[in-house]
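Since the structure is predicted, the reported quantities are computational estimates derived from the model, not experimental observations.
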Amino acid sequence: TRQGHEFVIFRTAKQEPIPQSEGDAARAELRQMGFEVEVSPDGRSVRQTRLPGFSPPSRQEAQQKAVRMMKLLETVRGFRWPLEIVAKSDSALL
């Protein structure tokens, strides 16, 4: 803080399951964005495949949608690890 930097210190909380209905809604939204997803058997990774007929987004569009896509992919996986904020600078945006 004295050096003028923003910071956030966090830890992951206990894993939480995500209801199947939310996962299905996330899959549907990803399909509308042009992606089909496949979750690995252990649930640790999600593979994205671009659907035929959908062109890749522009760089700017991809940057705008990146955060939303990450949340959708986490939801499709079926569980999440919430973050517990331990400390943060006053100027850090969360």
Side-chain angles (χ1 to χ4, degrees):
T1 302
R2 288 188 298 235
Q3 295 177 352
H5 297 287
E6 297 176 358
F7 69 91
V8 176
I9 300 171
F10 66 90
R11 64 178 168 224
T12 55
K14 185 179 176 184
Q15 181 179 319
E16 294 179 352
I18 297 174
Q20 182 65 36
S21 60
E22 286 183 40
D24 293 343
R27 279 183 190 273
E29 188 171 341
L30 285 163
R31 276 191 212 100
Q32 289 175 346
M33 295 170 83
F35 293 96
E36 186 64 46
V37 294
E38 180 182 338
V39 180
S40 66
D42 65 0
R44 291 194 167 271
S45 63
V46 178
R47 181 177 175 179
Q48 307 169 54
T49 306
R50 183 161 297 283
L51 292 170
F54 281 88
S55 60
S58 68
R59 183 176 183 179
Q60 182 181 12
E61 185 181 3
Q63 288 174 336
Q64 291 172 347
K65 291 183 177 183
V67 173
R68 180 66 184 152
M69 281 193 67
M70 294 303 295
K71 289 181 185 280
L72 291 170
L73 292 171
E74 178 184 62
T75 302
V76 166
R77 192 174 35 197
F79 55 89
R80 66 175 60 107
W81 290 277
L83 299 179
E84 294 179 13
I85 305 299
V86 177
K88 72 177 195 73
S89 61
D90 291 335
S91 59
L93 300 174
L94 294 179

For R47 and S40, indicate whether the former's side chain and the latter's backbone hold a donor-acceptor pair under 3.5 Å. no

Establish whether I18 and L73 are linked, either directly or via other cluster members, by ILVMFWY side-chain heavy-atom contacts under 4.5 Å. no

If you round to the nearest 0.5 Å, how far is CG of L51 from CZ of R31? 8.0 Å

Over 12 foreign heavy atoms within 6.0 Å of CZ, F10: no

Surrounding CD of Q60 (heavy atoms of other residues, nucleotides or ligands, distance under 6.0 Å), is the total greater than 12? no

With side-chain hydrogen bond (donor to acceptor under 3.5 Å, both in side chains) as the test, pick out the partner of E61 among K65, Q63, Q64. K65

salt_bridge(E84, R11) N-O dist < 4.0 Å: yes

Same cluster or not: F7 versus V86, using hydrophobic residues (I, L, V, M, F, W, Y) connected whenever any side-chain heavy atoms lie under 4.5 Å apart? yes

If you measure from CZ on R44 to CZ on F79, what distance do you get to the nearest 0.5 Å? 6.5 Å

Show, in sequence, the C-alpha distance, side-chain angles and deciding distance for Q15 and R80, and conclude whether the side chain to side chain contact (heavy atoms under 4.5 Å, CB included) test is met. CA-CA 6 Å; Q15 181 179 319; R80 66 175 60 107; over 6 Å; no

Nearest 0.5 Å please: distance from the NZ atom of K14 over to the CH2 atom of W81. 13.5 Å

Please lay out, stage by stage, how R27 and V39 fare under the test side chain to side chain contact (heavy atoms under 4.5 Å, CB included). CA-CA 11 Å; R27 279 183 190 273; V39 180; 3.7 Å; yes

